[in-house]
Amino acid sequence: MEPRVPENDSLVMQFVLVGLTDSPALQPILFVIFLLAYAATVGGNFSILAAILTEPKLHTPMYFFLGNLSLLDVGCISVTVPALLKQLLCKDRSIPYRACLSQLFFFHLLVGADCFLLTVMAYDRYLAICQPLTYSTRMSWGIQKASVSMSVVFSFAHAVTQTVALSTLNFCGPNVINNFYCDLPQLFQLSCSSIQLNEQLLFAAAAFMGVVPLALITLSYAHVVAAVLRIRSTEGRKKAFSTCSSHLTVVGIFYGTGIFSYMRLGSVDTSDKDKGIGIFSTVISPLLNPLIYSLRNPDVKGALRKLLTGK
């Protein structure tokens with residue numbers, strides 16, 4: 001897939017990523033920081049996945065979804081951070097056109113699946129707390145697999161749509177991306193053709209993958225809170241809220257960074273704030289997720305302790 005270009009215009013075959021810094025003194029420090037963050041994210045998420053697989057007590061729908069969320073987090077950080085580490089080591093920060101589109105596709109595929117999976121997890125908590133008598137039938141093994149599969153299918157359709165639509169744009173002028181990875185807002189600014197259709201597609205995707213899931217999550221937890229407040233036992237209310245607090249924290253971080261990342265589509269210039277938001281959504285969020293679920297969940301902490309110590 002090559003960029004289309006009108007006659008008498010030069011064809012952009014590669015982009016140049018500005019990266020995080022041009023300071024030779026800071027680059028080795030940032031390299032070590034992001035390398036450690038990447039190792040901690042991969043190790044933490046795979047540790048949670050191993051604990052879920054080896055501990056029979058965690059063979060429930062909630063932890064099945066959590067295991068899939070851990071895989072998505074590993075994939076999401078692997079799309080951006082290894083390329084960032086290469087930028088910090090090498091002076092060449094160019095990225096071929098096809099590689100840029102590939103990074104864009106996988107990033108939106110994984111983030112989109114993450115979005116739908118968080119919605120499914122909220123529905124799972126609603127059923128477990130508000131509909132406990134029918135929980136086992138409404139969240140059977142077949143429904144769990146179908147929920148994850150549909151999340152991937154919807155996200156795949158979104159990623160393909162955005163990538164194909166972007167490939168129809170002409171890039172015949174500046175090719176410098178003011179970021180450390182390829183994403184739609186920065187690429188829109190470099191196009192020398194109309195991006196009206198692309199912005200409309202992204203707006204529709206934001207409604208389908210952002211507004212609707214967030215509304216469903218809010219509705220699910222509104223019912224959960226109402227049900228928990230009817231519990232007379234203080235210990236019972238505390239236990240019920242503890243099963244939801246980790247998920248709510250992850251949802252807040254995920255949607256908070258997503259809103260700030262794409263709310264500036266109409267802005268002409270990008271800034272270092274975009275890089276900071278990108279770091280938070282692609283590095284810090286996947287790094288925090290295993291910490292949030294392990295530190296706030298006694299079942300996961302017990303399984304991890306058993307996995308690491310053998311006791």
Which is it for Cys100 and Ile177 under the side chain to side chain contact (heavy atoms under 4.5 Å, CB included) test, yes or no, and what are the steps along the way?
CA-CA 11 Å; Cys100 187; Ile177 299 175; 4.2 Å; yes

Which pair of heavy atoms, one from Pro286 and one from Ser281, lies closest together, and at what distance?
CD-O, 3.7 Å

Return the CG to NE2 distance between Leu166 and His108, rounded to the nearest 0.5 Å.
9.0 Å

Sequence-distant partners of Lys57, salt bridge (charged side-chain N to carboxylate O under 4.0 Å, His left out), two or more places apart:
Asp299

Should Ile284 and Val251 be counted in the same cluster of Ile, Leu, Val, Met, Phe, Trp and Tyr side chains packed under 4.5 Å apart?
yes

Using 30° and 60° as the class boundaries, would you call the ring planes of Phe116 and Phe154 parallel, tilted or perpendicular?
tilted

Worked check of side chain to side chain contact (heavy atoms under 4.5 Å, CB included) between Cys192 and Phe171:
CA-CA 6 Å; Cys192 55; Phe171 296 95; 5.7 Å; no

Which atom of Ala122 lies closest to which atom of Ile217, heavy atoms considered:
CB-CG1, 3.9 Å

Do you know the tightest heavy-atom contact between Gln144 and Pro61?
NE2-CG, 3.3 Å

Where does the angle between the aromatic ring planes of Phe156 and Phe105 fall among parallel (under 30°), tilted (30 to 60°) and perpendicular (over 60°)?
perpendicular

Any idea which heavy atoms bring Ala37 and Ile77 closest together, and the distance?
O-CD1, 4.4 Å

Tyr135 atom OH: more than 12 heavy-atom contacts under 6.0 Å:
yes

